[in-house]
Amino acid sequence: MSDGREQWKSKIGFILAAAGSAIGLGAVWKLPYVAGTSGGGAFFLIFLVFTLLLGTSLLLAEFIIGRKTQKPPIQAYKELAPGTLWYGLGILGIISSCLILSFYSVVGGWIITYFVRSLTGSLTDPATGDYGALFDSIISNHWEVGAAHLVFIIITILIVQGGIQKGIERASSIMMPSLFIIFIILVIRSLTLDGAMEGVAFFLQPDLSNVDGETILFALGQAFFSLSLGVSIMVTYSSYLGKQESLVRSASSIVGLSVLIALLSGLAIFPGVFAFGLEPNEGPSLIFTVLPAVFSEMAFGSVFLSLFLLLLLFATLTSAFSLLEIVVSSTAKNNPKRRRIAAWVGGISIFLIGVPSNLSYGILSDWHIFGDIFFNQVDFLVSNILLPIGAFLIAVFVPLKINRQDLKEELLRGSKLGTGFFQAWLIVIRYITPIAIMAAFLNVLGIW
Ligand code: PFF
């Protein structure tokens, strides 16, 4: 390219990396535990509707901003709305990304810990036979999980400092397809456990009588979280995308893959929860207690468990790359030396912010802020407040600051869809998305 900016080597590279950002702990770790605490099937149904309608539209909106300007978020907002405060949306994205990565890397560390222990056989046969107690004892071992947390951040830094193309694209194209395959094997095992159908019913049979404002806000937050929306990450990624690619096709692939993995994840976890007489509402530890139990019922279970944890670690890393990438690309421009410095300074600061989250499950478990541990409050702040606010502002920004003709051209270029699709998309972005987000907030605040 004439200005020296890297572009994606291939369209599939972009899709894999954007899907790599989307698919991670959100679908595999967060969705099952939030569904487990917030109404099961009803939660999943609302999450699906939000993902398909609002999520897809917002993904397209972020793609349009990135591809149109070919710039990272802050510069992109400045170019589209010069002389205004809209670039604050880019800053909000950086703050949200740092906060997400602070607890995301803690869970990444848990996965590393579980992976290492699975290799030494200390997961499949715990002395107590109780996987929940095992989780508690592992998590409260600060030095072990602290070291794993640091290792997770360092891997993320090393890949991100290498530059977008070499690092992320190459990694994603091997990791994602492997994860699908092992997930399918796992789902088959789960569904054939005794009592599996109770879990399937919990996950897929909506009981709308349990739905309240909080369920709706959580489902909204989960939909944005699992598509990496509201943080301008998708603006960053699409800024590297060539002008000729169809945004609609890319967005559909990413949403499709992400929904599929969320579905597989629920079908892997909930049958296990019910088959082993566990509680679906146990919170962030859910997959760590259920998965070793399900794998222990499988031939070559310990091998499969290690493989699964390794691939989950890859999926988690591809999301983590994207979170650090937004911090780095906003500060480093295209200068490799500044990029390295930004990756290290950003990454280590995020690690430090994450330390209290890590300790929330150990020595800081009694330290409550507004009635809950630090870890849960950071997760709540980001997923249910900052991401919806970011998404709301992006939905307002796009139709306000990009003219209709440009929007239409960017949206439809390279696709066979016509004006009807554009108009429907515009209605969702301009009206439905902001109203739905406002309504969810007002409801939870008891105002509406
Ligand atoms: N979408 C990622 C996941 O579901 O694991 C998490 C995430 C990444 C959220 C990047 C937000 C984000 F900007």
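Indexing begins at 1, ligand by ligand and atom by atom, following the structure's order.
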Item to check | Flag for S228-S21: side-chain donor and acceptor within less than 3.5 Å | outcome: yes

Checklist entry - Do any N/O atoms on L229 end up under 3.5 angstrom from N/O atoms on ligand 1? => result no

Checklist entry - Does some side-chain heavy atom of V290 sit less than 4.5 Å from a side-chain heavy atom of F270? => result no

Checklist entry - Do F183 and F308 have their ring centres less than 6.0 Å from each other? => result yes

Checklist entry - What atoms of ligand 1 come within less than 4.0 Å of a heavy atom belonging to V231? => result 13 (F)

Next on the checklist: When you measure from the heavy atoms of W29 to every atom of ligand 1, does any distance fall below 4.0 Å?
Outcome noted: no

Next on the checklist: Looking at F421, I want to see if its CZ is surrounded by more than 12 non-hydrogen atoms of other residues, nucleotides or ligands under 6.0 Å.
Outcome noted: yes

Checklist entry - Closer than 4.0 angstrom: is that true for some heavy atom of A22 and an atom of ligand 1? => result yes

Checklist outcome for this item: Per ring pair (Phe, Tyr, Trp, His ring centres under 6.0 Å), H149 is matched among Y361, F351, W110 by F351

Item to check | Per-atom contacts of ligand 1 with I233, taking only distances under 4.0 Å to non-hydrogen atoms | outcome: 10 (C), 12 (C), 13 (F)

Next on the checklist: For the CG atom of L92 and the CD1 atom of I94, what is their distance to the nearest 0.5 Å?
Outcome noted: 9.5 Å

Next on the checklist: Below 4.0 Å, non-hydrogen atoms only: which portion of I100 touches ligand 1? Side chain, backbone, both or neither.
Outcome noted: side chain

Item to check | N/O separation below 3.5 Å, Y104 to ligand 1 | outcome: yes

Next on the checklist: Main chain of G301, side chain of R189: is a donor-acceptor contact present, judged purely on distance under 3.5 Å?
Outcome noted: no

Checklist outcome for this item: Going by the 4.0 angstrom heavy-atom rule, the piece of F224 near ligand 1 is neither

Next on the checklist: Using a 4.0 Å heavy-atom cut-off, which part of L387 comes near ligand 1: side chain, backbone, both, or neither?
Outcome noted: neither

Next on the checklist: Determine whether a donor-acceptor pair (N or O, by modelled atom type, separation under 3.5 Å) exists between the side chain of E62 and the backbone of G230.
Outcome noted: yes

Checklist entry - Numbering the atoms of ligand 1 from 1, which are under 4.0 Å from a heavy atom of L25? => result 5 (O)

Checklist entry - Heavy atoms only: which of G24, G20, S21 is nearest to atom 2 (C) of ligand 1? => result S21

Checklist outcome for this item: For S226, the ligand 1 atoms with a heavy-atom partner under 4.0 Å come out as 1 (N), 4 (O)

